[in-house]
Amino acid sequence: MKLEGKLLINGKIKALTGLHIGGATTDAAIGDIDNCVIKTSEGVPFIPGSSLKGKLRSLLEKKEGLNLCRCGRASCNICVIFGSGADKRTVEAGPTRLLVRDCHLTEETKNKMENNEGEFKELELIYTEIKWENVIDRLTSAAQHPRQMERVPRGAEFDFQMVFNLMEKQDVDRFEYFMRGLSLLEDDYLGGSGSRGYGLFSSRIYR
Ligand SMILES: [Zn+2]
C-alpha cells in the first residue's frame, strides 16, 4: 500500500457554552474533569487533536452500535480510519488514515480576548473564565465545598484541520463514510461536564 493522495478537511468549532477540556495529554482527556483547561506552552487554551479524534470515533462507534472497537481488521471502517492498537492491526488494514491536528483559537477570537472586546469583555483570565460550581454528593444530595472550574468562554472559535490519507480505492468510500460521521459532531459535547451543560459546540466544514 502506498500513499495515493491526501484530503484536507478544514473547519471551525465554536463553543456554544463554556468549554472545559482538562489538562491531561492522553486520549483520556475527553470526559476528564480537572479544574484547569489544557493550554499550549504559551498559555493559550486549545483542543487536542487526540480529544477531537477520540470524540469522533466514539460518535461513529455509537452510531454503528459498537463499543470501543479495536478489531484492527481491514473490513472495519472504524479501525482502518482511526487506528487500533499496534498489536491488533492487520497488515491488510494498512496505516491509520486519519490525522487530526490540534485545534487552536482563531486569530479573531484570540485578538478579541486579548483586547477585552465584545462577548469576551469580562473574562477573569485572558483567555478563560472561572466559574464556581457546587459539587453535589450523589448519595446524600448534600452540597460539598464549591470548587472553581476554568472554562473557555462561550463564543470562542477554534480552527480545525484533519488529513485523510488515501491509500487504496476503498478509501474513497471510507472518506464518504467518515464525512457522514463528521456531521454527528454538530451539537454534541466535547470535554468534561457535558451533563452540566458545558462543552456544547457547533462545527462548520469548508470544502
Ligand atoms: Zn474494528
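Both counts, for ligands and for their atoms, begin at 1 and track the order of listing. Since this is a predicted model, take the numbers as computed values, not measurements.
- In terms of the salt bridge (charged side-chain N to carboxylate O under 4.0 Å, His left out) criterion, Asp102 has no residue partners (sequence neighbours excluded).
- Between Lys112 and Glu119, at least one side-chain N (NZ, or NE/NH1/NH2) sits under 4.0 Å from a carboxylate O, which counts as a salt bridge.
- Arg73 places no side-chain N or O within 3.5 Å of a backbone atom of Glu92 that could act as its donor or acceptor partner.
- Surrounding CG of Asn67 are at most 12 heavy atoms belonging to other residues, nucleotides or ligands under 6.0 Å away.
- Excluding waters, the set of protein N, O or S atoms lying under 2.8 Å from the Zn ion (ligand 1) comprises Cys69 SG, Cys71 SG, Cys76 SG, Cys79 SG.
- Summarising the geometry, atom OG1 belonging to Thr128 is positioned 5.0 Å from atom CD1 belonging to Ile130; distances are rounded to the nearest 0.5 Å.
- Between Phe164 and Phe178, the ring-plane angle classifies as tilted under the 30° and 60° cut-offs.
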